[in-house]
Amino acid sequence: MSHQAGFVSIIGKPNAGKSTLMNALVGENMSIITPKAQTTRHRILGIVNDENYQIVFSDTPGVIKPHYALHESMMHQVDGSIVDADLILLVTDIYEEYDEADVLKKLEGSLAPIAVLINKIDQSDEETVKKKVEFWQEKLKPKAVFAISALLGHNIKAIMDFVIENLPEHPAYYEKDALTDRNDRFFASEMIRAQIFKQYKKEIPYSSEVIVTAFVEGETLHRISAEIIVERDSQKNILIGQGGKMLKIVGTYARRDMEDFFQRKVFLEMFVKVIPDWRSKKNYLKKFGYE
Ligand code: GDP
Ligand code: K
Ligand code: MG
């Protein structure tokens with residue numbers, strides 16, 4: 001019997017709703033979502049399996065101009081995802097002007113068919129949506145344009161049908177029960193990072209990295225230790241907060257998310273460490289899992 005499989009890359013500017021879309025498509029909270037740009041730092045695979053097909057979605061960091069070695073790694077992962085793609089889902093939100101060509105330039109070298117997804121239509125009106133659809137049909141001549149709300153799940157089914165229709169004939173790339181290429185340590189660190197993005201302002205989220213240093217699995221309880229890395233002593237103080245108040249909030253919410261995700265009780269301990277300019281240092285980036 002025939003089998004389809006392929007790589008479907010989710011590409012776009014920061015905050016367009018790429019991670020929200022990925023989670024809606026795979027039906028799992030695989031990618032962390034926050035209102036802040038640059039939340040997603042890695043390419044993350046979300047795999048949808050059926051008897052007759054395997055769809056390998058890639059969530060990716062939003063396209064930006066790199067300022068640090070960290071950003072360079074993030075953009076490298078976007079490029080890799082475009083090279084691998086059998087199909088590209090370009091996510092734009094209804095407000096985006098597309099007066100600059102960063103994202104479109106990245107797509108120029110690719111032969112993969114593109115669908116443009118105009119997201120957040122729940123915040124718009126019919127007339128605006130219609131104009132945007134026409135704009136994209138004219139601008140890119142894509143294979144399809146969908147007006148969607150990733151948040152409300154509007155038109156997700158139509159995207160899935162489109163993806164399956166355009167998936168190449170190919171054997172499965174991953175085990176048919178695989179959901180992702182990432183391990184539990186990665187998801188644990190992401191859940192802490194999500195809380196850092198949600199609880200702090202200004203540069204703290206962008207200067208922080210989270211490393212899970214120990215993960216002891218148990219039948220009823222996981223014991224997880226993590227280091228939060230920041231760039232300066234002043235950031236360490238803000239992160240911890242008076243009498244440890246802020247770090248406690250981060251820990252409480254992150255633990256709750258982990259307990260939901262792992263379906264276990266979680267014991268979480270966290271330590272804050274300063275590594276000056278880690279974002280610009282290739283050796284640390286490599287250690288933290290950025291290629
Ligand atoms: P990414 O940076 O492209 O991965 O975007 P995220 O998925 O992290 O979403 C960025 C913000 O937009 C979050 O606050 C989401 O809740 C919000 N968002 C995503 N999709 C929608 C949508 O369809 N409608 C609305 N109103 N908000 C959305
Ligand atoms: K975001
Ligand atoms: Mg994201």
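Whatever order the structure lists them in is the order used to number ligands and atoms, beginning at 1.
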Heavy atom under 4.0 Å from ligand 1: found in [X]'s side chain, backbone, both, or neither?
X: Leu151; value: both
X: Lys120; value: both
X: Thr34; value: backbone

(request) Measure from atom 2 (O) of ligand 1 to every heavy atom in Ile11, Asn155, Ile148, Asn15 and give the option owning the shortest one. (result) Asn15
(request) Examine the side chains of Glu269 and Ser225 and answer whether a donor and an acceptor come within less than 3.5 Å of each other. (result) yes
Atoms in ligand 1 flagged as close to [X], the criterion being non-hydrogen separation under 4.0 Å:
X: Lys18; result: 1 (P), 2 (O), 3 (O), 4 (O), 5 (O), 7 (O)
X: Gly17; result: 1 (P), 3 (O), 5 (O), 6 (P), 7 (O), 9 (O), 19 (C)
X: Gln123; result: 26 (N)

(message) According to side chain to side chain contact (heavy atoms under 4.5 Å, CB included), who are the partners of Lys106, at least two apart in sequence or on a separate chain?
(response) Val63, Met75, Val78, Asp79, Ile82
(message) Please give me the protein atoms (N, O or S only) lying under 3.4 Å from the K ion (ligand 2), ordered by chain and number.
(response) Asn15 OD1, Thr34 O, Lys36 O, Thr39 OG1
(message) If the threshold is 4.0 Å, N to carboxylate O, is there a salt bridge linking Asp59 and Lys18?
(response) no
(message) With respect to Thr20, determine whether any N or O atom, backbone or side chain, lies less than 3.5 Å from an N or O atom of ligand 1.
(response) yes
Please list every donor-acceptor pair under 3.5 Å in which a side-chain atom of residues 154-165 meets a protein atom from a residue at least two apart or in another chain.
{"residue": "Asn155", "atom": "ND2", "partner": "Ala147", "partner atom": "O", "Å": "2.8"}
{"residue": "Lys157", "atom": "NZ", "partner": "Asp161", "partner atom": "OD1", "Å": "3.2"}
{"residue": "Lys157", "atom": "NZ", "partner": "Asp161", "partner atom": "OD2", "Å": "3.0"}

(request) Look at atom 24 (N) of ligand 1 and say which protein heavy atom is nearest, naming residue and atom and giving the distance to 0.1 Å. (result) Asp122 OD1, 2.7 Å
(message) Does the residue Ala16 have a heavy-atom contact with ligand 1, meaning some pair of atoms that are separated by less than 4.0 Å?
(response) yes
(request) Compute the minimum heavy-atom distance from Ala150 to ligand 1 and say whether it is under 4.0 Å. (result) yes
(request) Of all the heavy-atom pairs spanning Ala194 and Thr34, show the shortest one and how long it is. (result) O-CG2, 3.9 Å
(request) Check the Mg ion (ligand 3) and write out every protein N, O or S atom at under 2.8 Å, as residue and atom. (result) Ser19 OG, Thr40 OG1
(request) Could you give me the CA-CA distance, side-chain angles and deciding distance for Leu45 and Tyr174, then say whether side chain to side chain contact (heavy atoms under 4.5 Å, CB included) is met? (result) CA-CA 11 Å; Leu45 303 188; Tyr174 296 86; 3.2 Å; yes
